[in-house]
Asks: 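Below are the structure tokens for one structure; questions will follow.
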Amino acid sequence: MTPLRAVKGMHDLLPADIHRWQDLESRFRATVQRYGFGEIRTPIVEPTQLFVRSIGASTDIVEKEMYSFHDKADKSLTLRPEGTASCVRAFLEHRMSGQQPTQRWYYLGPMYRRERPAKGRYRQFFQAGVEVFGDPGPYVDAEIVEMLVGFLEQVGVPNVSVAINSLGSGTTRERYRHALLEYLTPHREALSADSQRRLESNALRVLDSKAPQDQDIVREAPRISEYLEPDDAEHFRQFSECLVALDIPFVVEPRLVRGLDYYSRTLFEVRSDSDGLGAQNAICGGGRYDGLVETLGGPSTPAIGFALGIERVLMASRSAVAPQTADAFIISAQPELRTEALLVATELRNAGLHALADLRGTSVKSQMRRADKSGAGFAVILGTDERDRGVVQVKQLEDQGQQHEVPRHALATHLASKARM
Ligand code: AMP
């Protein structure tokens, strides 16, 4: 029988490695909560149409990468490839626009895209993201970039760089699309098959193409900055100025478009040149999607958000996170003392301490070996003699520590005072 394995591009996260994830997640939560964001958890499965209508039918994600299936009632469902579309659906479904002038949401969770797996590129990956509804910017745009950069520095991502651009709004986009078509059409035959197809459906996406033959052509393409309407240009100017005031270094990349159709005006991408990342150096992408709520049937609502890839942040980060170790490892000198060992462990846990015990009835030597390996601060040794006298032996495990007797009733207080030292 062929052994069962996880789906290609999807990975188990084992307990031995999870502490770095948990540390990152709790720092993310703590950061965004300081900026007033509240958590939203949406379903992992959504109607396929949600992504087709929001991300765009001619994007890589929708054309090639979605995990879509028909359920028993023949409904087309899709494992979410990103978080924004679900947030907008929830925003509409719960009639949020009528409740508060602005909403600040954050999320953490797995996303699914059937991309070609590579280092830093998976088919199940985790994103942490935020969305702000109801604020047209540009000040909030700078606020979330500042929050993001501060977070990445805090978690030890080196040499973070921020690239920004503006896609303008409706009329800018239309005028630019024409200019781009005019420029690209004579090069049509030299473009990749995907880009030739997109020329009609969505010319802007050609700028985002990774095909080398497209990149040579795109390099000379007109820049969207030359087509921005005055109010779009002003929005972008104020956003940039605000980043300068906040002391966030950035570069303007006139051809930054990113792979989702719903963006308008502010767009940004954050990268790191950390050795850990390799070719996949984009850590976070974000931008404004002022038209999306309306596209999905809601009232006109400006909005902006970003999503960062947790795997990539962990690959880039140089911070070491020590796994949590136990305060005490309980050892029973005789197998009949295992109930006693369990009672002591329970007492310590109820006192808020982290206690381990090996309850299989193995030798003291083997239990001591496990205690040493566990990284616990102390071994608590129970023997029949000690039990009769109402005491336990406490042995410091590091530095060839000393051993001394502690009254059983005072054990939790004794260990708690050591744990605080
Ligand atoms: P996007 O949702 O495409 O704007 O991506 C935002 C961030 O998610 C990227 O900058 C990456 O850090 C991460 N990301 C996107 N796709 C993948 C993937 N297939 N595997 C791992 N991380 C990804």
Side-chain angles (χ1 to χ4, degrees), residues 13 17-42 82-84 86-88 90-91 96 100 102-111 120 125-135 137-164 239 242-250 258 266-274 276-277 281-289 303-324:
L13 302 171
D17 305 319
I18 207 74
H19 59 280
R20 293 189 74 219
W21 284 73
Q22 290 174 336
D23 178 72
L24 188 91
E25 287 164 5
S26 65
R27 284 176 195 272
F28 182 78
R29 287 177 198 283
T31 302
V32 298
Q33 279 166 10
R34 275 191 285 122
Y35 287 72
F37 288 82
E39 183 174 0
I40 174 156
R41 297 190 191 187
T42 58
E82 56 102 51
T84 300
S86 306
C87 286
V88 173
F91 182 84
M96 290 293 177
Q100 300 266 350
T102 64
Q103 299 275 345
R104 295 182 158 222
W105 292 357
Y106 79 90
Y107 60 83
L108 282 157
M111 307 294 161
F125 58 97
F126 287 74
Q127 285 187 337
V130 303
E131 314 291 351
V132 180
F133 293 98
D135 186 332
Y139 301 98
V140 70
D141 308 25
E143 183 189 18
I144 65 169
V145 172
E146 183 277 325
M147 174 173 83
L148 172 64
V149 170
F151 168 72
L152 293 173
E153 279 169 3
Q154 196 207 5
V155 298
V157 176
N159 304 333
V160 168
S161 62
V162 180
I164 65 169
F239 169 52
C242 201
L243 288 179
V244 172
L246 288 167
D247 212 12
I248 307 289
F250 63 89
R258 310 193 38 39
T266 307
L267 200 64
F268 56 90
E269 190 163 278
V270 176
R271 305 168 191 139
S272 159
D273 69 358
S274 163
L277 276 174
N281 67 350
I283 285 187
C284 177
R288 202 155 258 296
Y289 49 95
I304 184 165
F306 68 67
L308 57 84
I310 296 189
E311 288 87 351
R312 293 202 194 159
V313 173
L314 288 172
M315 286 162 73
S317 165
R318 292 194 182 143
S319 301
V321 181
Q324 207 199 351

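For the numbers below, each heavy atom of this structure counts, side chains included, while hydrogens, waters and symmetry mates do not. One is the number of the first residue; the rest follow in order along the sequence.
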Asks: Looking only at heavy atoms, what is the nearest atom pair of Ala303 and Phe133, with distance?
Replies: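 The pair with the smallest heavy-atom distance is CB-CD2, 3.8 Å.
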Asks: Is Val145 close to Phe250 at the side-chain level, that is, under 4.5 Å between some pair of heavy atoms?
Replies: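 Of all side-chain heavy-atom pairs linking Val145 with Phe250, none is under 4.5 Å.
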Asks: Taking all atoms of both residues into account, what is the closest heavy-atom pair of Gly134 and Thr102, and its distance?
Replies: O-CG2, 3.8 Å
Asks: Minimum heavy-atom separation for Cys242 to Tyr139, with atom names?
Replies: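 Looking at all heavy atoms of both residues, the shortest contact is SG-CD2, 3.8 Å.
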Asks: Can you tell me how far apart CG (Leu308) and CG (Leu148) are? Round to the nearest 0.5 Å.
Replies: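 Result: 6.5 Å between the selected atoms.
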Asks: With sequence neighbours excluded, what pairs up with Glu25 under the salt bridge (Lys or Arg N to Asp or Glu O under 4.0 Å) test?
Replies: none
Asks: Kindly indicate whether the side chain of Leu108, heavy atoms from C-beta on, has any atom under 4.5 Å from the side chain of Phe126.
Replies: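 A side-chain contact under 4.5 Å is absent here.
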Asks: Between Phe91 and Glu131, is there a side-chain heavy-atom distance shorter than 4.5 Å?
Replies: no
Asks: Would you compute the distance between atom CG of Asp273 and atom CG of Asn281 and round it to the nearest 0.5 angstrom?
Replies: 8.5 Å
Asks: Who pairs with Asp135 by salt bridge (Lys or Arg N to Asp or Glu O under 4.0 Å), at least two apart in sequence or on another chain?
Replies: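 Asp135 satisfies salt bridge (Lys or Arg N to Asp or Glu O under 4.0 Å) with no residue once adjacent residues are dropped.
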Asks: Is there side-chain contact between Leu277 and Ser272, with heavy atoms separated by less than 4.5 Å?
Replies: yes
Asks: Are His19 and Gln324 side-chain neighbours, meaning at least one heavy-atom pair lies under 4.5 Å?
Replies: no
Asks: With sequence neighbours left out, write down each residue that passes side chain to side chain contact (heavy atoms under 4.5 Å, CB included) with Gln22, or none if nothing qualifies.
Replies: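 Counting only residues at least two positions away or on another chain, Gln22 forms a side chain to side chain contact (heavy atoms under 4.5 Å, CB included) with Ile18.
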Asks: With heavy-atom distances below 4.5 Å as the criterion, would you say the side chains of Phe239 and Arg288 are in contact?
Replies: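 Phe239 does not reach Arg288 side chain to side chain.
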Asks: Arg104 and side chain to side chain contact (heavy atoms under 4.5 Å, CB included): which single residue from Val140, Ile144, Val130 fits?
Replies: Val140
Asks: Can you see which heavy atom on Phe306 is nearest to which on Cys284, and at what distance?
Replies: CD1-SG, 3.7 Å
Asks: Please tabulate, for the side chains in residues 149-157, all donor-acceptor contacts under 3.5 angstrom to protein atoms that are two or more places apart in sequence or on a different chain.
Replies:
none

Asks: What distance separates Leu267 CG from Ile304 CD1, expressed to the nearest 0.5 Å?
Replies: 9.0 Å
Asks: Please report the interatomic distance CG(Leu246) to CD(Glu146), rounded to the nearest 0.5 Å.
Replies: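 The CG atom of Leu246 sits 5.5 Å away from the CD atom of Glu146.
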Asks: With a 4.5 Å heavy-atom cut-off, do Glu143 and Tyr35 have their side chains touching?
Replies: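 With C-beta onward as the side chain, the pair touches.
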Asks: Below 4.5 Å, heavy atoms only, C-beta onward: do Tyr289 and Val88 meet side chain to side chain?
Replies: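 A side-chain contact under 4.5 Å exists here.
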Asks: Among all residues two or more places apart in sequence or in another chain, which pass the side chain to side chain contact (heavy atoms under 4.5 Å, CB included) test with Met111?
Replies: Arg80, Tyr107, Phe125, Gln127
Asks: Within this structure, what is the CD-CD distance for the pair Glu39 and Gln33, rounded to the nearest 0.5 Å?
Replies: 8.0 Å
Asks: For residues Pro158 and Ala316, report the shortest heavy-atom separation together with the two atoms involved.
Replies: CD-O, 3.1 Å
Asks: Return the minimal non-hydrogen interatomic distance between Ala282 and Arg312, and the atom names on each side.
Replies: O-NH1, 2.9 Å
Asks: Taking only residues two or more places apart in sequence or in another chain, which ones pass ring pair (Phe, Tyr, Trp, His ring centres under 6.0 Å) with Phe268?
Replies: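 None.
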